[in-house]
Structures are given as structure tokens and as C-alpha cells.
Amino acid sequence: MTAGSSDSVTKLLPMVFADPGEALARARALLDADPSPLDASVAHQVIGIWQRDFGDLRLALRHLRRARECAARADSADREADVLATLGVALVHAGRTREGLAAFERGVARGSGHTRARVLYRRAYVWWVLGHHREALEDVRRAVPVLRQADDVIWTARALTLRATVHLALGSVERAEADFTAAEALWDTTGQEHDKADAVESRGLAAFRSGDVPAALRLLDEAEERYARLGTPTFMLNIRRCEVLMAAGLAPEALAEADAAIGKLDGLGGQSTRKAELLLAAARAARPAGDPHTAIARAALAVRLFAGQRRTWWETHARLVLIEARHAAGRGSGRLVADAAAVAAKLASFGSPAAPEASLLAGRIALDLGWTADAERHLAVAARSRRSGPPLARMTGWAAQALRAQAAGSARGVLEACRRGLDVLDDHRMTLGASELRARATEQGAELAALAQRASLVSGGPRRLLVWSERWRATVLSTPPTRPPADPELLSGMTAFREIASRAEAARMEGRPVPALEREQRRLEREIRSRTLHMRGEAPGSGDRFDVGRLLERLGDEVLLVELAVLDGRVQVLLCGRGRVRRFEAGLLAEAETEAEHVQAGLRRLAHPGADARLPVVEAAGRRLEELLLGPAAAQLGGGPVVIVPPGRLHRVPWALLPSLRERVLSVSPSAGSWLRARETAPPPDGCHVLVRGPGLATGGAEVPELAARYGCATVLEGDGARVPRVLEELDGAALAHIAAHGTFRADSPLFSSLRMADGPIVVHDFERLARSPYRIILSCCDTARLASVGADELLGLVTALLPLGTAGVLACSAPVNDAAVVPLMLALHKGLDAGLSLAEALRDARASLPGDALHQATGWAFSAFGAA
């Protein structure tokens with residue numbers, strides 16, 4: 001490093017990013033030993049770096065100023081230049097930009113040769129922090145040859161990593177990947193563990209920029225594990241993961257991560273620059289998370305911090321988020337149009353990939369105000385991004401093009417732009433292996449789907465509206481999910497999760513406290529979910545395209561399919577069958593949702609004996625629901641079988657309660673396309689019957705022994721035999737499965753919705769491991785038909801996990817039911833199945849066979865047949 005320093009002291013500086021804790025301890029020990037000014041300068045600098053990056057920024061500045069004083073006393077120009085560079089970084093991170101840049105000026109002037117190259121590298125880093133990307137590239141360009149010539153592996157690798165990061169900010173993904181690859185090869189020759197973790201994090205960012213969200217999540221998780229082993233904070237990683245989570249449609253998780261990191265940073269007294277970036281990440285996440293007011297507050301504070309730090313590039317991006325949040329909160333004005341246009345121009349001058357987004361925003365607000373000429377000007381600029389760039393940037397361009405066509409009155413132009421934009425999102429969605437990510441990603445196409453539906457209603461009639469209603473409905477079910485990998489750690493995690501969940505349930509039943517067990521269960525859930533989100537999609541294309549003609553042919557003259565679309569808050573009823581599609585207008589979706597909640601509350605009360613007086617109230621609510629959901633279409637249903645295709649927000653409606661549907665063959669499907677696939681699914685030629693009885697049922701699963709006697713050769717799993725691995729083994733490829741077990745729906749994490757087995761819960765993630773789920777499956781317990789509505793119009797839960805895996809028919813329950821009343825319903829249902837009826841036919845007859853009291857009527861209404869088997 002510098003003449004006069006011992007070898008051991010010289011090694012302290014690189015040790016900060018190889019073993020930070022050990023470096024800090026040695027530096028403190030060195031200061032206690034009354035070192036020379038030169039050695040004291042190194043020790044204070046090491047402590048300053050540690051506090052700057054992992055601790056209290058005020059302490060960092062104090063130690064770095066002492067380091068500079070010691071270097072001056074030692075009369076070492078290179079030592080002083082090196083400290084000035086470290087001090088300059090700390091000052092900029094503290095928001096004191098002018099002082100920080102002045103320190104760099106002095107450092108560049110004082111240093112020579114190799115030392116000056118290191119100073120230039122750190123000034124390039126500061127330029128990147130400030131958003132001055134061209135200046136950053138210039139300083140790196142000057143530093144790299146000198147560092148290479150000096151055979152300085154560590155600093156060359158750092159410089160290449162930084163240059164790659166700047167290229168990413170400018171949208172040059174290929175250049176970035178080349179530099180990341182070169183840097184990683186150098187890091188592999190060193191023991192710089194923190195720098196290696198940073199390289200993995202940077203590769204995660206590169207994967208995200210190239211559109212590979214699963215790889216990005218995997219690499220960021222790996223980097224976090226490396227940082228955790230070193231005991232260092234991960235604020236930059238938190239910011240990057242927020243960006244990836246947002247792209248994956250996980251805005252609430254991104255907001256929670258950003259807010260938690262802000263709290264941790266404030267507790268440490270950490271970098272003001274990082275706090276501003278975390279506030280910006282939180283603001284970006286809050287708006288799609290449905291909290292525009294939080295987005296406004298976070299973005300406004302970020303704008304103030306960035307302005308005070310003289311970080312114009314960042315400030316401009318924060319202003320874009322602030323304008324978006326104000327627009328989402330219902331604020332629209334000419335001033336907001338002007339602000340969005342100014343932000344768009346500034347972002348374009350920076351070469352920022354966010355510039356089209358700002359132009360789209362300006363055009364959107366102008367359209368809301370009726371300023372068509374201004375809107376056209378801004379939207380035309382935004383539309384240029386539709387031809388190239390990452391998927392979400394192209395989506396922005398196609399959204400702008402669709403709005404332009406809508407303003408010009410061209411329904412054909414709207415539909416073409418929406419088709420092209422949704423094709424882009426389809427391609428992106430199919431790179432995601434996890435069904436949860438696929439479902440949530442559809443939210444990014446919701447506006448295009450709604451625009452297309454409006455245009456098709458105006459120009460193309462009911463058939464075209466049906467096509468567009470199907471275009472973005474239940475798309476996750478159009479292709480089987482990617483099988484979870486045969487990952488030993490994932491399988492081990494699932495086993496541990498089951499054990500902990502089982503112990504927690506037993507403790508609750510015994511009245512013992514369970515906080516520690518619940519904490520461990522949540523930790524395991526996070527670990528399992530994280531690993532499943534890493535899966536890449538395997539299915540090419542975007543699944544089957546919906547064909548109205550094929551649907552009508554399959555429906556024939558007897559069956560009617562009723563698809564409910566929602567346009568501008570009102571339910572549109574599409575009645576399909578007998579060779580045509582007809583449209584009827586029904587009530588407001590919000591009113592129907594409220595009425596559906598009243599019905600659910602009524603069914604919960606009727607699940608208990610002695611509630612007969614509530615029956616007329618529930619039936620009256622069913623009549624109101626019919627008027628709101630079917631309107632005049634109810635009189636056109638005839639007497640044949642009906643398939644209901646509701647929007648996701650109405651999945652809990654007990655459809656058999658509606659008067660016109662009560663006594664007919666009725667099934668429910670997430671989409672018309674899903675019903676078609678179920679209708680065309682052949683039963684397994686040699687499939688068996690499987691009967692499963694889980695623990696803790698009030699009746700002990702009383703129907704199972706009688707069903708075992710009926711079927712004779714059925715496989716019966718009960719007691720200790722009903723353990724998850726055995727149950728999954730028997731379910732795979734079965735012709736019919738009947739599971740009597742307690743069901744738990746998890747609104748917070750729908751893929752952990754479960755059925756209780758002898759060794760713990762069997763969850764949706766388990767069902768996704770099946771090669772082929774049972775052709776028919778009957779879930780005779782509460783809440784098994786409850787689903788989480790996510791994305792544009794997607795559903796996550798037990799039922800939707802089974803349908804893409806080979807199940808053609810599911811019977812499940814959307815409300816709490818009386819266990820004893822379920823037994824006669826199930827026995828009557830199986831009697832119909834044994835006679836060759838479909839699930840829907842057998843359920844209709846089973847309901848009719850029940851006693852007429854409120855308890856049994858409510859039990860029958862709570863169950864629905866899904867699919868077409």
C-alpha cells in the first residue's frame with residue numbers, strides 16, 4: 001500500500017470486504033497499541049469503512065477525518081488521497097454531496113498512478129450513486145487500465161462490477177453481463193467474501209434486467225445468504241429485491257421489505273442516500289399494493305432527500321412515482337400533466353428506461369382531462385417503446401398505443417394494440433415457473449384487457465366480448481404449472497413445515513402457547529415459498545387459444561354456459577349455447593359482492609342447529625343476488641344444465657342458492673377455456689378409487705367406511721396410514737378421490753391452504769408435485785372451495801391447483817358446514833356417481849334427497865361442482 005506500513009496493517013483494508021467483523025476487531029486492537037500515524041490512518045479508515053457500510057454514518061465520518069489527519073502527519077500523499085476517496089463516498093452517502101465531490105477533487109490531485117486509479121474508481125461509484133452515469137463511465141474508463149497494469153485483481157474486479165451496474169442503469173444489458181462475467185472470474189481467485197456476495201447480487205440484477213425473474217430471485221436469495229454469514233446489512237439488496245418483487249406482481253411483499261429495511265437503517269444511523277432509495281422503493285410498491293396515500297408520503301420524502309443530496313437522476317425518478325401516486329389517488333390537473341411531461345423530458349435526457357412510462361402517464365392524465373391533442377403528443381412518444389426493450393417497457397408502449405387508438409375512435413386499433421401487448425406479457429408470464437408468480441403477473445395486463453373488452457363491446461358484439469373476457473381470465477389454468485424441483489432442501493423444508501404445523505395444532509388443542517412454533521412455521525413457509533419462486537417456466541407459448549366455435553359445439557343444444565364479465569363496475573352476462581352468444585346487462589359488481597358476503601354470513605349461521613328462522617333471510621338474499629348477477633338472463637336459462645363462469649371476485653357465491661339455478665344440474669368453472677379442457681379430459685383407463693380420512697373430524701369421517709363398502713376395492717387411508725407421502729402416492733393418477741379432512745384456507749398465503757393429514761397439513765405445493773391429479777376429487781370439508789383472487793382475474797387455492805394437473809371435476813365447499821349434515825349428502829352423491837352420473841348431476845340429486853330443514857339445505861348449497869366431469 002504505502003511505504004512505512006507493516007504487511008499485517010496493509011492487509012486490513014481488503015479484509016473489510018473479506019471478513020468485516022475480523023477487520024473491525026483488528027483495527028480497534030491496532031489503535032489500542034499506540035501505532036504510528038501511518039498505521040493509525042489505516043486503522044481509522046478501516047473502522048470508518050465498516051461504520052459507513054454496516055453501521056453508524058456519523059461515527060464513520062469521525063474516524064475517516066481522523067484517518068486523514070494521521071495520513072497528513074505521516075506526510076504520505078497517496079495515503080491521504082486514499083482516505084479522501086473513502087471520506088468522499090461517506091459524505092455523499094450522508095447527503096453532503098458538495099463536500100464529498102470536493103474531497104474527491106483533492107484526492108485525485110494528491111494521488112498518483114495506482115492510488116489515483118483507485119480514487120477514480122470510487123468517484124465513479126459516487127457518480128453512479130448520484131445518477132451521473134456518463135461521468136461514472138468516464139472515470140472507470142480511466143481507472144481500469146491502470147488497475148489491470150498494476151495486477152490489482154480486487155480493485156479491477158470492483159471496477160468491472162461497477163461499470164456493469166452503470167451499463168444496466170443505461171439499459172445496456174449485454175455489456176453489463178460481459179463485465180459481470182469478467183469480474184466474477186477475478187473474484188473467484190480471491191478471498192473477498194463480501195465482494196463475492198456483491199457479485200452474486202449484481203448477477204441477480206442482470207438476470208432481472210434481461211427478463212429472468214426466477215433467476216433474479218434465486219441469485220438475490222443466494223447473495224442474502226452470503227451476507228448473512230458475514231453478518232453485514234443488505235440495504236442495496238433490499239432495494240433490488242423490491243424491484244424484482246414488483247415485477248413479479250408481489251407489491252405488498254416489496255412494500256413490507258422496503259419499510260422493514262428503512263426501520264433497520266434508521267436504527268443503525270445509516271446512510272441517508274440508502275434511506276432515500278429505500279423510500280423510493282417503498283413508494284413504487286405502495287401504489288400497486290393499493291395504498292396511494294402511502295406512496296405519496298414516501299415519494300414526497302424521497303424527492304426532498306434526493307434534492308438535498310443533489311441527486312437529480314434519482315430525484316426525477318422519485319418525482320415520476322409521486323405523480324403516479326397522486327394520479328392514482330384521484331388527483332388530475334393541467335399542472336400534473338405539465339409535471340409528468342417535464343419528468344419525461346428529463347428522464348429521456350438521462351437515457352432512462354423509465355422515460356416512456358412518464359410519457360404514458362402524461363398522456364393518460366391529459367386524456368382524463370379531455371385534452372386530446374396533448375394526450376396524443378405524449379402517448380405517441382411513449383408508444384415508441386413497444387418495439388424493443390424488456391417486456392414491461394414494451395407493455396408500456398402497447399398500452400400507450402391502445403390509448404391513442406381509443407382516443408382516435410379506432411376500436412380495431414385498440415384491439416390490435418391490446419393483443420400485441422398481452423402477447424408480450426404472455427411470453428414474460430411463461431418464463432415464470434411458480435403458479436403464484438404467473439397469476440400475479442397478470443395484473444400488469446389488466447388495463448389492456450379492460451380496454452379490449454370495452455372496444456369489443458362497442459364494435460364486435462357478444463362473441464368478441466367473450467373472446468376478450470377469456471383472453472385474460474384464469475390464464476394460469478391454461479397450462480400445467482412447472483413441477484417443483486426434486487430439491488432435497490425443499491423436500492426437507494416441506495417435511496419440517498408439516499412437523500411444526502402438526503405440533504402447533506396439537507398445542508392449540510391442548511390450550512398450550514404456540515408463539516415459538518408459529519414463528520418457526522412462518523420461517524419455513526417463507527423458505528419454501530422462496531424456493532418455489534425460483535422455478536423457471538417450461539411450457540412454450542401461452543397455452544391454448546380460446547375458440548368460441550369449439551365451445552358452442554361442445555355445449556350443444558342442452559348445456560348453457562354463463563360467463564360473467566365486468567365492465568366499468570357492471571356485470572355483463574354472456575349466455576353461450578344453442579349455437580350463439582347473447583349478452584345481457586345485470587347489476588353492479590360492488591353491490592353483488594356485498595350481497596354475497598351477507599349470504600356467506602347466513603350460511604355460517606345455518607351450519608348450526610336451531611337457526612331455521614334465518615333460512616328465509618338467506619333465500620331472500622339469494623333472490624337479490626340472482627337479480628344482480630344474472631339480471632334478465634335468468635329468464636333465458638331454460639331447464640338444462642348450466643355452467644357458471646364467474647369473475648374472480650365472486651368465486652365464493654353459493655350458486656345453487658340462486659332460485660333459477662337451485663334445482664338444475666349446475667357446475668362452476670374459472671373460465672370457459674378451463675371448462676373445455678375439463679370436458680375433453682379422458683379418465684385414466686386403470687385409475688383406482690382412493691378414500692382418505694383425516695384426524696379430528698366431528699363425525700370421524702363417518703361416510704368413509706360406508707363408501708369403502710360400496711366400492712369394495714378402494715384404497716382406504718386413515719389413522720396413521722393417512723400420512724402426506726402415502727396420500728400423495730395414492731392420489732397420483734386415481735380415477736376418483738374422496739378426502740374427508742379438515743380444510744384451512746390461507747388468505748395471506750393461498751398456496752399454503754391445506755387439508756389436515758395424520759402427520760400434518762397437505763398443502764397446494766404438495767398437490768403441484770403430482771404427475772397427474774385424480775380425475776375426480778371430492779373434498780367433503782369446510783372452506784376447500786375458497787380461493788384468493790389475485791392478478792387481473794386469477795384464483796389461487798386447492799381447486800385451481802388441481803384443474804391444470806389432470807383433474808376434470810372437483811367437488812368442494814365454499815363455506816363452513818355442519819360435519820354431521822355432510823355425511824348424508826356425500827353418501828347420496830356417491831350413489832349418483834356409482835350410477836354413472838357426473839359430479840354436477842349427482843350433486844343436484846343429492847341435494848334433492850336431503851331433509852328439508854335449514855341445516856341440510858344450507859349444507860347442500862355450500863357445495864359446488866367445479867369442472868366438467
Side-chain angles (χ1 to χ4, degrees), residues 505 508-509 593-626 650-659 661-663 666 668 693-704 706 738-747 753-756 778-788 797-799 810-830 839 842-866:
E505 181 65 22
R508 288 188 199 96
M509 294 176 69
E593 287 183 287
T594 301
E595 202 62 58
E597 287 301 316
H598 293 159
V599 167
Q600 283 291 329
L603 289 179
R604 282 195 293 273
R605 293 189 186 98
L606 292 177
H608 303 282
D612 292 56
R614 299 291 305 174
L615 184 59
V617 177
V618 173
E619 290 182 311
R623 289 191 292 272
R624 288 193 295 272
L625 257 182
E626 178 170 294
L650 294 174
H651 73 276
R652 290 196 68 196
V653 170
W655 296 97
L657 177 60
L658 277 57
L661 303 176
R662 194 170 297 173
E663 296 179 1
L666 171 68
V668 181
R693 182 156 53 158
L697 293 168
T699 66
E703 76 269 24
V704 172
E706 293 197 43
H738 179 109
I739 302 179
H742 274 302
T744 301
F745 173 70
R746 289 280 301 277
S753 298
S754 63
L755 302 170
R756 198 202 311 171
I778 296 164
L779 305 171
S780 66
C781 39
C782 303
D783 284 343
T784 48
R786 288 189 63 185
L787 304 162
L798 285 170
V799 171
V810 181
L811 186 115
C813 178
S814 62
V817 288
N818 183 282
D819 284 354
V822 168
V823 174
L825 179 71
M826 292 297 111
L827 293 175
L829 175 86
H830 280 273
L839 273 174
L843 181 59
R844 188 268 314 268
D845 292 353
R847 285 195 191 105
S849 72
L850 292 175
D853 61 273
L855 179 65
H856 287 89
Q857 291 298 304
T859 301
W861 293 332
F863 280 89
S864 296
F866 294 84

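- With rounding to the nearest 0.5 Å, the separation of CD in Glu593 from CG in Leu625 is 11.0 Å.
- Side-chain contact between Leu798 and Leu755: present, with at least one pair of heavy atoms (C-beta onward) separated by less than 4.5 Å.
- Expressed to the nearest 0.5 Å, how far CZ of Phe863 lies from CG of Leu825 amounts to 6.0 Å.
- Put simply, the side chain of Val599 does not reach to within 4.5 Å of the side chain of Val653, judged on heavy atoms.
- The shortest heavy-atom contact between Leu666 and Ala656 is CD2-N, 3.7 Å.
- Considering only residues two or more places apart in sequence or on other chains, Arg844 meets the side-chain hydrogen bond (donor to acceptor under 3.5 Å, both in side chains) condition with none of them.
- Taking the side chain as every heavy atom from C-beta outward, Leu606 and Val618 approach each other to under 4.5 Å.
- Between atom CG of residue Leu779 and atom CG of residue Leu811 there is a gap of 7.5 Å, rounded to the nearest 0.5 Å.
- Here the closest non-hydrogen pair linking Ala865 and Leu843 is N-CD2, 3.9 Å.
- Residues Asp612 and Gln857 have side chains not in contact (no heavy-atom distance under 4.5 Å, counting atoms from C-beta outward).
- Between atom CG of residue Leu855 and atom OG1 of residue Thr859 there is a gap of 5.0 Å, rounded to the nearest 0.5 Å.
- Annotation: side-chain contact (heavy atoms from CB on, under 4.5 Å) contacts of Leu827 (sequence neighbours excluded): Glu703, Glu706, Leu707, Val823.
- Nearest heavy atom pair, residue Ile739 against residue Cys781, reads O-SG, 4.5 Å.
- Side-chain contact check for Pro824 versus Leu850: some heavy-atom pair is nearer than 4.5 Å.
- A salt bridge is defined here as a Lys NZ or Arg NE, NH1 or NH2 lying under 4.0 Å from an Asp or Glu carboxylate O, and Arg662 with Glu626 fails to meet this definition.
- You'll find the side chain of His608 stays beyond 4.5 Å of the side chain of Asn818, heavy atoms only.
- Smallest separation of non-hydrogen atoms from Ala815 and Arg652: CA-NH2, 4.4 Å.
- No side-chain donor-acceptor contact under 3.5 Å links His598 to the backbone of Ala621.
- Remark: the backbone N or O of Gly860 is paired with a side-chain donor or acceptor of Arg847 at under 3.5 angstrom.
- A 4.5 Å side-chain heavy-atom check between Arg623 and Pro659 finds at least one atom pair inside the cut-off.
- Taking all atoms of both residues into account, the shortest heavy-atom contact from Ser780 to Met826 is CB-SD, 3.6 Å.
- Residue Gln600 holds its CD atom at 10.0 Å from CG of Leu657, rounded to the nearest 0.5 Å.
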